[in-house]
> 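Quick one: this structure, given as C-alpha cells, is what I'll be asking you about.
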Amino acid sequence: MSIFSLVWSYLKAKPLNTALNIFLLSLGISVITLLLVVSRQLEQRVADNTKGIDLVVGAKGSPLQLILCNIFHIDFPTGNINLKEAEKLANHRLVKSAIPLALGDSYMNFRIIGTSQAYAELYQAELLAGDWWKEELDVTLGANVAALTKLQLGGTFESAHGLTNEGHAHEESHYKVVGIMKPTGSVVDNLILTQVKSVWHVHEEGEEKSNMSQPLDLKLIPGYSLQDSTKEITALLLKYKNPIAAIQLPRYINTQTNMQAASPAFETARLFTILGSAKTVLMGLAYLLVFISALSIFIALYNSLKERKYDLAIMRSMGASRFKLWSSVVLEGVSLTFAGTIGGLFLAHIMLFAFIQSIGDKSGLAPFHLYVEEAYLLIGGLLLGLLCSMLPAWQAYRTDIHKVLAGN
Amino acid sequence: MVSVKDIQYTYPKATTTMRFPDFDIKAGEHSLLLGESGGGKTTLLHLIGGLLQSQQGKIELDGVNVAALSAVQLDQFRGKKIGLIFQKNHLINTLTVKQNLLAATYFAGNPAAPERAVEILEELGLADKLNSKVTELSVGQAQRVAIARAVMNKPALILADEPTSALDDKNCDKVISLLLKLANHSWATLLVATHDQRLKERFNRQIELKSTQIPHP
C-alpha cells in the first residue's frame, strides 16, 4: 500500500474516463510531435540536399518545379536545355563549377541520372563496393536502390522510359551495375548514377549521326566531343565563382537565354512559407486538443473529489497529513498527463514509421530519431498535470474532517 | 488513561459555546458515552480523537495533552493512538479489503503489516474476504472490516461513533462482541458514543453526557 497504489486504484476504478483523458492528450501531443519531427527532418534534408548548389538552370517553367525535379528528384522535368548553350554557361566567367544532369529513365521507380563524377562528390558519396561508373551504360547505385532492387555488382537491367514504372522498357540496351554507394542520407541514396552519354545512348533512335563541323571538347562531359547541336540535357547545377554572380547570373540566364535559373535557397524558403501556414493551423489545432484534454482532466478530478469526500476525511482520520492528500490528487493529475504525453510521443513516432513504411521507405525520414524538444514536451506535460490538479488538490488539502465524518 | 477537564468548544458562527463535563477513564475500562442525538457526543469524540481541536481545557491521553498539539502533531497522534469507527463503514471502495487495512498502517506512517491484517480478519471470520472488493461485502461484513481497520495500528483508544445504530439486533450483538474482543486483544480502551439502548448491558462504565450550552454575551 502506498500513495501510488491508491492513485492507481482510483484511476482503475474509472477505466473509460482514464483512457479517454489519456487518449485525448496523446492525440494533441502526437500532432505537436509529428509536426516537430517532420519539419525538423525536412529542413535538415533540404539543407543537406541543397548544400553546394547555388543555382539550378533548366528549361523555362515553374522555378519550384525545376528545384523539386533536379535537386530533390520528386517532380518531373520542365523540359530539356540545349547542350551547346549549357556548355556556354558552364564556361561563363561567373561560374565556378557546373554539373550536368540528364534525366529521363528509371528502374523500379528509381531515377537514372546521367551526370558527372562531381555530382557524387557534391554529396560526399563514397563507394561501398565496386567502382564509379566509367564506361557508357555503367551505373553506380545509391544505397537504398541497391537494398530495395536487390541488384548485385555485375548485374544488368533494362531501364523504363519516364520516371515511373509505366513507361515502355528500353529493351535494346542494358545497364550494368559496376558499383554501390554507402548511405549518405541525401537524395543520392535513391538514385542510379551514370554518364550523360548512357542516357543519350539509350534514347538514340539510330538515325542521329554526325553531320557536323569541327569537334569541340566539352567541359561538362569530359572526353565527349560536341559534334551536332541537337544533344540536350535536363539541367545544370551551378556554383558561383563570387557573390556578384548571385546578382548577375540569374538575371542574365532568365533574360538573355531561353533557359531558366532558379535559386534553391530562395525556392525552398518559398516552399517553407507555404508549408508554414499549414503547420501553424495544425499546431493551433493540436494545442486546442491539449487544452481540451487538460480541461477534461481538471473536471474529472474536481468531480471525483466530491465522491471521495469520505475517503479523504477517513485518510486524514487515520493519520494522513493535509499535504499527503494534496499530493495524492496532484499525483493523479500528473500521472494522467504523463501517460498522455508519453503516449503522444510514442504515437507520433509510430505514425511516422507507419507512414514511411506505407510509401516505401524512400523519404529518408528517420522515424525514431528523438529531439530534445520532446523532453521539453514531457516536462510541459508534467507541468500541465500540476496545473489542472492544483485546484482539486487544494480542495483535498482543505477537507474539514470533522464536518464530513460527523455527517452534516 | 483518558482525562477530560474543562472542555469547551464553539463552532464557527455559533451563538453558544458547548461545555462538556469532566471525566476520567482508566486503561482497559471500556466505556459508553450516552446522550441525546445532537447533544454533542460526536463533537466530544472528535475532540478526544483530535479531529477537532478544543479551544479550552485539557484532554489528556496517555499523558499527552491533545488540546495543545499542533496540526501536524495531531495527524501523527491520530495515526498512532486512535482507532475510529463510524456509523457508516467509510471504507475506500476502490481498494480491496486487504488494501483498506494496509492503508491504515500506511497513512499512520507505520510499517506495512500484512500478517496482522490476515490475523485480524481471521478473528472477525472474514479471512476468505481478504482480496475481495469492498463493494462485494454485505453491510455487516463491511462494518467488521471497518473495525479491523480501526485496530490495525494497535491504538491506545478506539473511538466508536454510533457503530451499531444501523444494524439489526443480531448484527448489533455480533459487532459489539467483536469490538470488545478485538479491543481486549489489542490492549485498547474502547469508548463508544451512542444513544443505542441495546448496548447498555454490555458496558460497566457509562458516562452520561450533559453538555451545557452557554449563550454568548
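In what follows, chains are A, B, ... by sequence order, proteins preceding strands, each numbered from 1. Keep in mind that what you see is a predicted model, and the values were worked out from it rather than measured.
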> When rounded to the nearest 0.5 angstrom, what distance separates NZ in B:K133 from OG in A:S9?
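If we round to the nearest 0.5 Å, B:K133:NZ and A:S9:OG are 9.5 Å apart.
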
> Any non-hydrogen side-chain atom of A:I314 less than 4.5 Å from a side-chain atom of B:F86?
yes

> Can you give me the closest heavy-atom contact between B:F107 and A:L6, atom names plus distance?
CZ-CD2, 4.0 Å

> Is it the side chain or the backbone of A:R322 that comes within 4.5 Å of chain B heavy atoms, both, or neither?
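Only the backbone of A:R322 comes within 4.5 Å of chain B.
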
> Do you know the tightest heavy-atom contact between B:T94 and A:A13?
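Closest approach of B:T94 to A:A13, heavy atoms only: CG2-CB, 3.3 Å.
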
> So for B:A112, is it side chain, backbone, both, or neither that comes closer than 4.5 Å to the heavy atoms of chain A?
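Neither part; nothing is under 4.5 Å.
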
> Under 4.5 Å heavy-atom distance to chain A, tell me which part of B:F77 shows up: side chain, backbone, both or neither.
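For B:F77, there is no contact with chain A at all, as no heavy atom is under 4.5 Å.
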
> Does atom CZ of A:F291 have more than 12 heavy-atom neighbours from other groups under 6.0 Å away?
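Result for CZ/A:F291: open.
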
> Using every non-hydrogen atom in the two residues, find where A:S317 and B:L51 come nearest and quote the distance to one decimal.
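Heavy atoms only, the tightest pair is CB-CD2, 3.8 Å.
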
> Out of B:V72, B:L102, B:T105, return the one with the most heavy atom pairs under 4.5 angstrom to chain A.
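Among the listed options, the one with the most contacts to chain A is B:L102.
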
> Just so I know, are the side chains of B:I92 and A:Y10 near enough to count as touching, which here means a heavy-atom distance under 4.5 Å?
yes

> Tell me, do B:H90 and A:L405 make a side-chain contact under 4.5 Å, heavy atoms counted?
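Yes, at least one pair of side-chain atoms sits under 4.5 Å.
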
> Do A:M1 and B:L95 come within less than 4.5 Å of each other through their side chains, counting heavy atoms only?
yes

> Would you say B:M152 and A:M318 make side-chain contact, with heavy atoms under 4.5 Å?
no

> Chain A heavy atoms under 4.5 Å from B:I82: which part of the residue, side chain, backbone, both or neither?
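Neither part, no heavy atoms under 4.5 Å.
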
> What class does the angle between the rings of A:H402 and B:H46 fall in, given that below 30° is parallel, 30 to 60° is tilted and above 60° is perpendicular?
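The arrangement is perpendicular - the two ring planes meet at more than 60°.
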
> Surrounding CZ of A:R398 (heavy atoms of other residues, nucleotides or ligands, distance under 6.0 Å), is the total greater than 12?
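Atom CZ in A:R398 is not packed in, count stays at 12 or less.
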
> Could you check if a side-chain atom of B:Y106 sits within less than 4.5 angstrom of a side-chain atom of A:K324, using non-hydrogen atoms only?
yes

> Roughly how far, to the nearest 0.5 Å, is CD1 of A:I401 from CG of B:L74?
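Answer rounded to 0.5 Å: 7.5 Å.
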
